[in-house]
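Not measured: the values here are computed from a predicted model.
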Amino acid sequence: FIKHVVYVIKENRTYDQVFGALQRGRGRADLCIFGAEITPNQHKLVSEFVLLDNTYCSGILSADGHQWSTTAFSTDYLEKSFAGFPRSYPDGMGEDGRDALAYSPAGFIWDAAQAKGLTIRNYGEFMMPKVRWRDPAKKGVPPFLACYRTWKGESADVIFESAPAIETIREFSPAGYVGWEMSVPDQARADFFLKELKQFEAQGTFPSLVIVCLPNDHTSGTSPNCPTPAACVADGDLAFGRIVEGLSRSKFWKEMAIFAIEDDPQAGWDHVSGYRTTAFCIGPHVKRGAVVSTQYNTTSLLRTMEQILGIPPMNQFDASATPMFDCFTDQADYAPYQSVPNNIPLDRMNPSPNAIRDPVLRQ
């Protein structure tokens with residue numbers, strides 16, 4: 001009864017960073033830095049659906065995290081590159097990230113889906129950003145505020161485009177959706193996704209497997225001319241909420257399951273494990289208001305999606321992974337999700353280092 005799987009891949013958060021202050025789960029409040037004020041949609045989603053407080057990333061940073069997230073595997077070459085990545089940093093998200101030695105010989109989840117004759121749409125994963133100024137005389141990647149104003153409709157200075165890092169994804173990966181590029185607001189990504197969703201509704205068809213790269217919770221840290229970490233995470237939270245709301249109000253909702261996880265947990269602390277992360281299982285056939293403490297990881301999400309879509313395992317890691325049976329129920333609840341607005345201005349920018357009074361911190 002589930003025909004459509006939506007898989008959202010986010011960036012670099014641990015469980016305690018976001019949900020540490022939640023009393024319902026196994027968290028530690030003093031490690032929570034992006035709590036309910038910053039991530040209201042994620043908190044609402046785990047309240048209305050399931051809170052997964054024992055789920056882990058298989059990767060530790062983007063180079064292996066995106067491989068685990070899409071192939072349930074990290075090659076021997078990649079694991080031995082952690083001493084400094086002398087050949088490349090193969091995250092698949094930029095010109096330097098294309099490295100066939102990092103790719104699983106068994107292929108990616110979309111290859112397995114294609115082999116089963118399934119339809120696919122890929123928004124941003126393994127797509128190289130080609131964000132540029134409309135004026136060819138301007139060089140370099142446009143900064144966040146220029147991209148933000150273009151998204152807001154206040155200017156048309158920036159062109160949002162991308163190109164496939166792997167040729168086989170070209171036919172089902174729209175070039176207008178930009179994956180990894182921190183200058184681009186996640187709201188632009190949500191707008192693009194929701195626009196295509198309306199087109200799918202008009203056609204009466206929706207892909208079997210949809211992959212969505214939603215990267216801005218990675219943040220740019222305290223880099224000048226970039227949004228604050230709180231603004232970046234709030235941006236990702238709102239985009240995620242808007243996408244889930246749109247899907248839940250679509251004609252495809254009754255036959256849908258949404259999964260989301262960080263590609264890796266690199267950016268923060270967690271009192272249980274540095275690999276423990278935020279993960280989501282959402283849909284009308286998912287339990288409501290439950291805490292699921294079954295141990296899952298990235299390969300569990302992939303195994304569950306494979307079982308729903310009738311895709312065989314790609315390798316021994318997803319074949320042996322625990323499916324997420326404990327998240328589902330036989331009693332469907334078709335009530336849609338209503339997203340909530342952000343509390344943090346999305347264009348709140350980092351101050352100049354010169355504005356910091358402590359001379360040591362300015363350095």
Side-chain angles (χ1 to χ4, degrees), residues 7-20 31-34 39 42 52-85 88-94 96-99 102-104 108-109 123-129 165 179-182 186 211-221 229 232-233 235-237 239-240 259-281 295-303 305 314-315 317-318 321:
Y7 180 28
V8 180
I9 302 175
K10 298 161 78 261
E11 290 280 337
N12 293 30
R13 294 292 140 222
T14 65
Y15 178 93
D16 275 339
Q17 280 186 298
V18 178
F19 295 135
L31 299 179
C32 182
I33 58 174
F34 299 117
T39 54
Q42 291 172 75
L52 299 167
D53 67 351
N54 197 22
T55 300
Y56 303 80
C57 287
S58 298
I60 192 59
L61 45 63
S62 289
D64 69 332
H66 283 272
Q67 311 299 328
W68 279 109
S69 298
T70 55
T71 70
F73 183 67
S74 181
T75 65
D76 185 62
Y77 157 75
L78 181 55
E79 292 300 324
K80 289 180 178 178
S81 295
F82 274 76
F85 298 99
S88 69
Y89 187 79
D91 55 13
M93 297 183 289
D96 296 332
R98 295 182 291 178
D99 193 336
Y103 304 155
S104 167
F108 296 82
I109 183 68
Y123 295 95
E125 190 68 8
F126 281 82
M127 294 289 286
M128 300 179 297
W180 172 260
E181 176 50 72
M182 289 301 299
D186 272 346
I211 301 170
V212 182
C213 176
L214 207 60
N216 276 17
D217 60 338
H218 178 285
T219 86
S220 296
C232 290
V233 175
D235 181 22
D237 179 83
F240 187 34
F259 299 88
I261 194 169
E262 310 289 311
D263 79 299
D264 68 69
Q266 178 188 357
W269 300 97
D270 189 275
H271 83 284
V272 174
S273 167
Y275 287 87
R276 193 170 66 135
T277 193
T278 61
F280 301 83
C281 184
Q295 183 172 321
Y296 299 128
N297 62 21
T298 303
T299 61
S300 298
L301 273 73
L302 288 167
R303 185 72 183 114
M305 291 185 277
M314 294 178 284
N315 56 63
F317 293 105
D318 52 342

Engineer: I'd like to check Phe240 versus Asp217 (side-chain heavy atoms, cut-off strictly below 4.5 Å). Are they in contact?
Structural biologist: no
Engineer: Is there a donor-acceptor contact under 3.5 Å from the side chain of Tyr7 to the main chain of Ser69?
Structural biologist: yes
Engineer: For residues Asn297 and Tyr275, is any side-chain donor paired with an opposing acceptor at under 3.5 Å?
Structural biologist: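 Distance-only check fails for Asn297 and Tyr275.
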Engineer: Check the pair Cys57, Thr298 against side chain to side chain contact (heavy atoms under 4.5 Å, CB included), reporting the backbone distance first and the verdict last.
Structural biologist: CA-CA 5 Å; Cys57 287; Thr298 303; 4.3 Å; yes
Engineer: So which heavy atom on Asn315 is nearest to which on Phe317, and how close?
Structural biologist: OD1-N, 2.8 Å
Engineer: Could you tell me whether the side chain of Thr39 and the main chain of Phe34 form a donor-acceptor pair under 3.5 Å?
Structural biologist: yes
Engineer: Quick check: do Asn216 and Met182 have side-chain heavy atoms less than 4.5 Å from each other?
Structural biologist: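 Side-chain contact under 4.5 Å: yes.
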Engineer: Which residue in the set Val272, Leu52, Asp53 passes side chain to side chain contact (heavy atoms under 4.5 Å, CB included) when paired with Tyr15?
Structural biologist: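 Answer after filtering Val272, Leu52, Asp53: Asp53.
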Engineer: Answer with yes or no whether the side chains of Glu262 and Thr278 bring together a donor and an acceptor at under 3.5 Å.
Structural biologist: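 There is such a pair (donor and acceptor under 3.5 Å, judged by atom type) between the side chains of Thr278 and Glu262.
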Engineer: Quick one: list whatever passes side chain to side chain donor-acceptor pair (under 3.5 Å) with Thr70, sequence neighbours left out.
Structural biologist: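 For Thr70 there are no side chain to side chain donor-acceptor pair (under 3.5 Å) partners, ignoring immediate neighbours.
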Engineer: In the structure I gave you, are the side-chain heavy atoms of Trp68 and Thr299 within less than 4.5 Å of one another anywhere?
Structural biologist: yes
Engineer: In the structure I gave you, are the side-chain heavy atoms of Leu31 and His271 within less than 4.5 Å of one another anywhere?
Structural biologist: yes
Engineer: Just by distance, no angles: are the side chains of His66 and Glu11 close enough, under 3.5 Å, to form a donor-acceptor pair?
Structural biologist: yes
